[in-house]
Amino acid sequence: QVQLVESGGGLVQPGGSLRLSCAASGSIFSINVMAWYRQAPGKQREFVAAISWSGGWTYYADSVKGRFTISRDNAKNTVYLQMNSLKPEDTAVYYCALRPGGGLYTQGGRYDYWGQGTQVTVSS
């Protein structure tokens, strides 16, 4: 089993920044893809960003491209999401997910393990 624990959420003003972290533990596969998703109240969960094992490949949703950056530190089994120029519409619970093997998929069903989520609220 793999456990994922997110942290770093909170309340921030529009235009501000936050950095989310997701620490993985347990039976972590030697090669995996990690991703961030989010779910706003009353809306479906949506893909935010994904990163390959090496970190050399990343993919972003159009809504966050140029503002968010995904990265990872395999020595710490941790993936990060740096969020800049935050907007009220970025308000959501943010989840990290892990997929054994490769493939930067956007479909949530492709990821086998999920964290509990961390709340991000963008408001003045």
Side-chain angles (χ1 to χ4, degrees):
Q1 280 290 354
V2 175
Q3 293 80 41
L4 302 175
V5 179
E6 302 95 336
S7 61
L11 173 65
V12 63
Q13 293 186 342
S17 298
L18 277 177
R19 187 196 197 204
L20 305 183
S21 300
C22 173
S25 61
S27 302
I28 301 170
F29 298 87
S30 58
I31 296 177
N32 58 67
V33 170
M34 296 191 77
W36 288 95
Y37 284 76
R38 66 186 182 186
Q39 187 167 19
K43 295 187 176 181
Q44 289 188 333
R45 182 181 61 193
E46 66 173 352
F47 170 83
V48 175
I51 187 166
S52 64
W53 169 254
S54 68
W57 295 93
T58 57
Y59 188 74
Y60 296 92
D62 288 343
S63 58
V64 306
K65 201 172 295 182
R67 299 188 298 122
F68 290 11
T69 302
I70 189 171
S71 62
R72 66 188 297 167
D73 183 340
N74 290 337
K76 297 181 179 180
N77 293 322
T78 299
V79 65
Y80 305 97
L81 185 68
Q82 177 66 42
M83 305 186 295
N84 299 328
S85 302
L86 283 161
K87 305 175 181 179
E89 51 264 44
D90 294 317
T91 295
V93 177
Y94 283 71
Y95 300 90
C96 71
L98 184 148
R99 166 186 166 79
L104 298 185
Y105 293 97
T106 62
Q107 301 95 325
R110 293 284 192 170
Y111 293 83
D112 297 310
Y113 302 97
W114 294 81
Q116 293 300 307
T118 185
Q119 176 70 48
V120 172
T121 303
V122 184
S123 175
S124 55

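The figures here come from the full heavy-atom set of this structure, side chains too, leaving out hydrogens, waters and symmetry mates.
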*Carboxylate-amine/guanidinium proximity below 4.0 Å for K87 and D90*: no

*Quick one: do the R38 and Y94 side chains pair a donor with an acceptor below 3.5 Å?*
yes

*Would you find more than 12 non-hydrogen atoms of other residues, nucleotides or ligands less than 6.0 Å from Q82 atom CD?*
yes

*Using the side chain to side chain contact (heavy atoms under 4.5 Å, CB included) rule, pick out the option among Y111, W114, Y113 that qualifies with L98.*
Y113

*Just wondering, do W57 and V33 contact through their side chains at under 4.5 Å, heavy atoms?*
no

*Taking all atoms of both residues into account, what is the closest heavy-atom pair of S17 and S85, and its distance?*
OG-N, 4.4 Å

*Determine whether L86 and F68 make a side-chain contact, defined as any pair of heavy atoms from C-beta on separated by less than 4.5 Å.*
yes

_T91 side chain vs V122 backbone, donor-acceptor pair below 3.5 Å_ = yes

*Under the 3.5 angstrom rule, does the side chain of R72 hit a backbone N or O of S52 as a donor-acceptor pair?*
yes

*Minimum heavy-atom separation for C96 to E6, with atom names?*
N-OE2, 2.9 Å

*Look only at the side chain of Y37 and the backbone of T106, and say whether a donor-acceptor pair between them is shorter than 3.5 Å.*
yes

*Taking all atoms of both residues into account, what is the closest heavy-atom pair of A49 and L81, and its distance?*
CB-CD1, 4.4 Å

*Rounded to the nearest 0.5 Å, how far does CD of Q3 lie from CG of N77?*
11.5 Å

*Report, as yes or no, whether the 6.0 Å neighbourhood of atom NZ on K43 holds more than 12 heavy atoms from other residues, nucleotides or ligands.*
no

*According to a 4.5 Å side-chain heavy-atom criterion applied to Ile, Leu, Val, Met, Phe, Trp and Tyr, with indirect links allowed, do V2 and Y80 form part of one hydrophobic cluster?*
no

*State plainly whether one hydrophobic cluster holds both I51 and Y95, where clusters connect Ile, Leu, Val, Met, Phe, Trp and Tyr through side-chain heavy atoms under 4.5 angstrom apart.*
no

*Does CD belonging to E89 count more than 12 external heavy atoms closer than 6.0 Å?*
yes

*Side chains of W36 and V79: closer than 4.5 Å at any heavy-atom pair?*
yes

*Of the non-hydrogen atoms in V48 and V64, which two are nearest, and what is the gap between them?*
O-CG2, 3.6 Å

*asked:* Measuring from atom CE of M34 to atom OG of S71, what distance do you get when rounded to the nearest 0.5 angstrom?
replied: 11.0 Å

*asked:* Restricting to non-hydrogen atoms, name the atom on V120 and the atom on G9 that form the minimum distance, rounded to 0.1 Å.
replied: CG2-CA, 4.2 Å

*Y60 side chain vs R67 backbone, donor-acceptor pair below 3.5 Å*: no

_Using 0.5 Å steps for rounding, measure from the OH atom of Y105 to the CZ atom of R99._
5.0 Å

_Where A24 and L4 come nearest, the two heavy atoms and their spacing_ = CB-CD2, 3.5 Å

*Rounded to the nearest 0.5 Å, how far apart are CD of Q39 and CD of Q44?*
8.0 Å

*asked:* Rounded at 0.5 Å granularity, tell me how far CG in N32 sits from CG in N74.
replied: 7.0 Å

_Contact check, side chains of L11 and S123, non-hydrogen atoms, under 4.5 Å_ = yes

